[in-house]
Each structure stands twice: as C-alpha cells, then as structure tokens.
**Q** 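My structure is below; once you've seen it, I'll send some questions.
Quick note on labels: first sequence line is chain A, next is B, and so on, each numbered from 1. A quick note: this is a predicted structure, and the numbers were derived from the prediction, not measured. Side-chain atoms are counted along with the backbone in the values below, which use heavy atoms only and exclude waters and symmetry mates.
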Amino acid sequence: MENIKITFPDGSVKEFECGITSYSIAESISKKLAQFAVAAKVNGNVVDLNRPINENSEVAILKFDDEGGREVYWHSSAHLMAHAVQELFPEAKFGVGPAIETGFYYDIDIKTQLTDEHLVKIEKKMLELAQENKPFCRKELTKEEAVKFFTEKSDEYKLELLADVIEPDAQISLYEEGDFTDLCRGPHLPSAGLIKAVKLTNVSGSYWRGDEKNKQLQRIYGVTFPKKKQLDEHLHLIEEAKKRDHRKLGKELDLFSLQEDSGAGLVYWHPKGSRIRNEVETFWREAHFQNGYDILYTPHIGKSKLWETSGHLSHYKDGMFAPMQIDEQDYYAKPMNCPFHINVYKSQLRSYRDLPLRWAELGTVYRFEKSGVLHGLLRVRGFTQDDAHIFCTHEQIEDEIVEVLRFSLYIWKSFGFEDLKFYVSTKPEKAVGEDHLWEKATDSLVNALNREGLKYEIDEGGGAFYGPKIDIKIKDALKREWQMSTIQFDFNLPERFEMEYVGDDGQTHRPFMVHRALLGSLERFFGVLIEHFGGAFPVWLAPVQVAVIPVSQQGHMDYAEEVLKQLKKAGIRAEVDKRNEKIGYKIRDWEVHKVPYMVIVGDKEVEANGVSVRQHKKGDQGSFGIEEFISKIKDEIHNKTI
RNA sequence: GCUGGCGUAGCUCAGUUGGUAGAGCAGCUGAUUUGUAAUCAGCCGGUCGGCGGUUCAAGUCCGUUCGCCAGCUCCA
C-alpha cells in the first residue's frame, strides 16, 4: 500500500495512508482547517472531501478562497437555494444551477412570478436549512436507475438532460442534501452549514438550454459567503463598481447622451466626449500610418446590388436598417465596411507585388440590433468601427497576424489595458471555404498567438461561417466581458466578389482577406475607457487638462487670463473659472468633474509670477513657475502618461 | 425579440386608500471678493414619457406605444 502526499494551503507536504478521506486528513491536521475545508484537489481534479483516496495522489485541501474553492461553494449554494425553493414551492421543477464568476444561479420552472419579496423569503429559508447543517451525499446510479428516479418525480428537465447521456453503462451521480436530491456531477461541500451569508440578487427570464425557441424559466441569481463580513464587502464592491458605470459618468461628466426622439442606440457625442474621441482618433491614425496601413473613406450607403453580391441581403438582412428608395433603387445603410474596401481593391488589377495591402477606416456602420440588447455605449445601433482589411498572399499570412497582434497589444497598452483575454474560434458546422484554407488560416492564428507567448482559449466551432477568428475581450466595471478587438478571416467575400491578384507565375490567385478591428468600435471603446479610468482620464485624454482658479474675482482675474493664454499657447486644454464663488467651492467642483490639474492663482502667485498646482485626488502639489508647470504637463501629454 | 421591473423639474429623488405636485443640487438675480472638496438670500423651473380609456375626479387604475434597467438569446 502506498502513501498519499498531501499539500496544504501553507505549502507544507505530509504523508497519509491510502483509503483515508481528505476530510479526515484535514481534521487530523487541525480541527480548524476541517471546519473551513470546502473540497479537495486530487491529481488536479476537484472532488468531494468525503471520498476515499486510494492511489498515490497529489492532494490539496481547498478552502473557500483557494482556486476552485468558490466554484464548489457556490455550486452547493445553488443546490441549497433550489432546496429552499422546493420547500416554499413544492410544485417547482428545476433546470440547471451552476456556479458563475460572481456567485451562482438556478433555473426554476414555477407558475408564481417571483418578486423581491419572494427572494427575501428564499434567503431566509436557505439560512434555516444551512443551520440544519445536513451533509451533501453523493449517490451513484446506472442511467436506468436515474431515469426511473426522475420519472417517478416526473421531472422532465432532468430527464431531458439524462437523455443526452449516450453510453448505456454510464455512471450517473445524484447529490442529496436533506430532502433535496439533484442530478449533479459535483463536487459539493461536506455539509450545508458552511454557508453562512446569503444574498439573492435578482430574478430574470432565461431560455431552457439557452435556446430562444424553448420555454423561458425563471433564473434566480445569488451569492453566498462563509462570513457575513465577506458578503458586506462584496456588496460594497458592487456599489463601488456601479459608480464607475459609463452611463452614470457619461451624464455626470457631460460626455455623451442617447436621446429618445432620435432613436434607441444612437449616440450623441457631447463636446467633452468628442474631445476625447478626437485624441483617440488622432492617436489611432498616426499609429496606423506608422504600422504600414493606408486609410480609406468610403460611402455610408450602398445600392441593393452591392449587398446582394456580398450576401448580406440573404444572410444578414435582419441586422440591417430598412432600405430607402431613391430613383427606384433600394439603398441600405452599411452594416459593415468590407464590400467597400473590396471595391477599392477591385478598382484596378492587382499584382503580388502590391501585397500585402492594409486598409483602415474609421467606418460608421448601422446595425439593427434587437431592442433588448442595447446597453449604453457598449451595445448600440450606430457605431464607428476602427476597421481594417488586410489582403495578402498565403506566404504572408502568419506574419501579418503576428503584426496585427503586436499592434493590438500596443494600442491597448497605450490606454492602460493589460488584462486582455484571447479566444480562438474555429470552423463551425455550416461554413464556406475549402478545408485546407480553414486549416491554414486557423494554424496561422494559433501559431501567431504562440509566437507572441499569449495565452488563449479555443472556442471549438465558434467561428463565423466565413472564417476562423481571434477575439480579444475585456471586462467592464461590473465584470461583464465585452468583445473589443477581432481578427477574422473571410473566405466568403473574396469568392463572391471574385477578388484576384496576378502571382509571380503569371497566373491569377485569390488573396487571403483578413478583417480586423482593434478598439472594436469607438463607442464601445469609449464606454470601457470611461469605466477603466472611472472618468478620471489621464492628462493626454482629459477634455479639460487644467482649470485656472483665481482666488478672487477682482484682484486676480487678469493674471489668471495671462496664465490661460500661456497654457493655450503651449497647446494645453485649459479654462479659467470665472465664477463668483469661494475657491473651496470651485476646487470641489473641478475635483468632482475629475479634471487632472488645477492651478490656483492669488496674490502670492502674481508676485512670484508662478502658479500653485493641485492634482486631482492627490491634492496640493506646491508652487511652480509657469514655464516649469507647462513643461511638466507637456511631458505627460507627450509620453501619454497614465 | 423574450421574461420581469421602471419612467415625476436639467440631475438625484419624495408624493399615503384616486381629490389636478414637493425637496436637495444645478440654473438665474442680488449680497459677499473669498487661499485648497459646498457663503448667504430671493427667484425661475413640471401637459407627472406619448396616446387612448375607466371615473364627478388619474402622477396614482386599465390598455397601447416609445424609452430605460437586470438577465436570456444575439453581437463590435
């Protein structure tokens, strides 16, 4: 019999006999550890604490905060919630109830429309059940036995899930906690008593198995913790995150608006927001020229013939605004820029010597998004993509992808984003384009990511019908992931538009076409940018970089105007606060509006021919000469200091 | 689009069982002339999202429509 090596959270390793459960191990080390242990990790797999360990295994005891611990804890909480719902609504039927990044949910089928009051009752019942501290017991059955069990309960949802299990001799596991039994792979907590604090956050509709043709169940979202204090901290963090919400800051800082009379999802950029956009666009253009791109401007609308050729009218019509008729022709607002870039390509005969061609455009597109999906700046109906198309030969493709990745990282880094997630989406079932092209393209994406040492996840079959892609996602203030950059192959449009180039062999060839957007859309990017900085933009982006505040209106206004003149001459965006208020009031106001620098000018400054500098959030920075201050701030702008 | 919730002054929000609206901030005017996060006083400001209905009477009840919020589905 071999021994088992156990790693503990503190890093120490001890040996135990085979056949022991990880719970007993935890207990034999310390009662306290056992009290907080939620699961065990055996050879990399998270399992129940009470299952015997029989091999020479690497075992680690998991607590709530360890990697994988929360998932077990929240998944068990989902069961406990379902149990509570079953107690209060015996007729309830249950869909699925997994742990998610910020807690858990359970899909429930009941007639009663649940309200906040119901949630409070369910919370109470959960805490009652938790106090009973019943163990979670695993039962293993054959598929036949499991089907029998759920048939007796006439539980159609679990039966449907069981029907998906193909292998006839598959082992099915159930978990029992008190009077609640659920079909589940586990693992679970040793007992419900570990759940001490509960908050059910909201109810919403959700389609059974994620298909909008199916029945809509009620999904209850919640979060639980081993300590009340952790729950309070969690709720506090959510409140703080809401303060960064770009919709709230957009209004408070007068950056943008969406107005009912012009239509949902159509953005008004106000002067301050436009100022920031202008800085972003200028930076973007310069960076593109430096990285070997040319910039195009193309029309906003096109005749139906164009969209028939591109296939948009047969595949994407629901996503387009209805056409307008001019001279008995239908014109559509463009949902994408690609056909226009292709038309530029086709305006002359292309040689392999011309490739690669890299054409970028800040292209404004209109898409008829479903009303329920619109969300501030992050999901709109009219937006400007920082689009580009790369046309190249088969030999060039991998290097081109590497260049796009590097460029993309440079752009995101310039705005202070380091936490990006990469996803590779491969060929779906329905697809156009030859297999060897898909293979070549997918390889070039994966190789490029590997060459750059970037971690990625593969979304098998998640590509568009016209080609594989890399998506880059980042999170908003409320931890929702948004797709920003995308690098997509397109095997469809080059075919449809019959794009060609003449190779060195004198024959015609079809180029590779890569569609890419780095910021995604300026609207979505701006939304995420606002949340990223919490509205306190770095100096190079700030709409007002310096507020000049005279101590008194009568004595110091001339000097303030003189300072303003010098700042403006240096290209700095500055304003004089002429209001008849005490400086405490004015400082507070500029602080609230998150202006990076304030300069206060009074008798002392007039005499010394200087300024007194105050930095946002950091307070008084002391006295500077005017020239000295200007050169400091110009450095920051030039270096794009964040 | 679907499920649920919501829409009152520029903003944030009160408004009892139906009896034709209120606060703070912002704005304007005046006083004050200020030294690092809110000076004082007065004034202005609302077809209660739109339309239709029930009622003697609708911000409040019903229908419809537009928009917003959470989530689902979809997506840059």
**Q** Between A/V551 and A/Q113, who's closer to the 5' end of RNA chain B by nearest nucleotide?
**A** A/Q113
**Q** Report the distance from atom CD1 of A/I110 to atom C1' of B/U3, rounded to the nearest whole Å.
**A** 13 Å
**Q** To the closest 0.5 Å, what do you measure between CD (A/E628) and CD1 (A/I633)?
**A** 12.5 Å
**Q** Return the value, rounded to whole Å, for the distance between atom NZ of A/K586 and atom P of B/G35.
**A** 11 Å
**Q** Should A/F383 be counted as stacked on B/A76, where stacking needs a ring-centre gap under 5.5 Å and an angle between planes under 30 degrees?
**A** yes
**Q** Whole angstroms only, please: what is the CD-P distance between A/E260 and B/G67?
**A** 7 Å
**Q** Assign A/N202 to base, sugar-phosphate, or nothing according to its heavy-atom contacts below 4.0 angstrom with the strands shown.
**A** sugar-phosphate
**Q** Rounded to whole angstrom, note down the C1' distance from B/G67 over to B/C48.
**A** 16 Å
**Q** Considering every strand shown, what is the Watson-Crick or G-U wobble mate of B/G71 when both distances are under 3.5 Å?
**A** B/C2
**Q** What is the separation between atom CG on A/D211 and atom P on B/G1, rounded to the nearest whole Å?
**A** 19 Å
**Q** Could you tell me the separation between the CG atom of A/D471 and the P atom of B/C74, rounded to a whole number of Å?
**A** 14 Å
**Q** Looking only at side-chain N and O atoms, does A/S552 offer a donor or acceptor that is under 3.5 Å from a partner on A/Q554?
**A** no
**Q** For residues A/Y456 and A/I470, determine if any side-chain heavy atom of one lies less than 4.5 Å from a side-chain heavy atom of the other.
**A** no
**Q** Looking at A/H616, I'd like to know whether one of its side-chain N or O atoms comes within less than 4.0 Å of OP1 or OP2 on B/A37.
**A** no
**Q** 5'-most contact on RNA chain B: A/I600 or A/Q488, nearest heavy atom basis?
**A** A/I600
**Q** Parallel, tilted or perpendicular for A/W412 and A/F417, by the 30°/60° rule?
**A** perpendicular
**Q** Between A/R219 (CZ) and B/C2 (C1'), how many Å, whole number?
**A** 13 Å
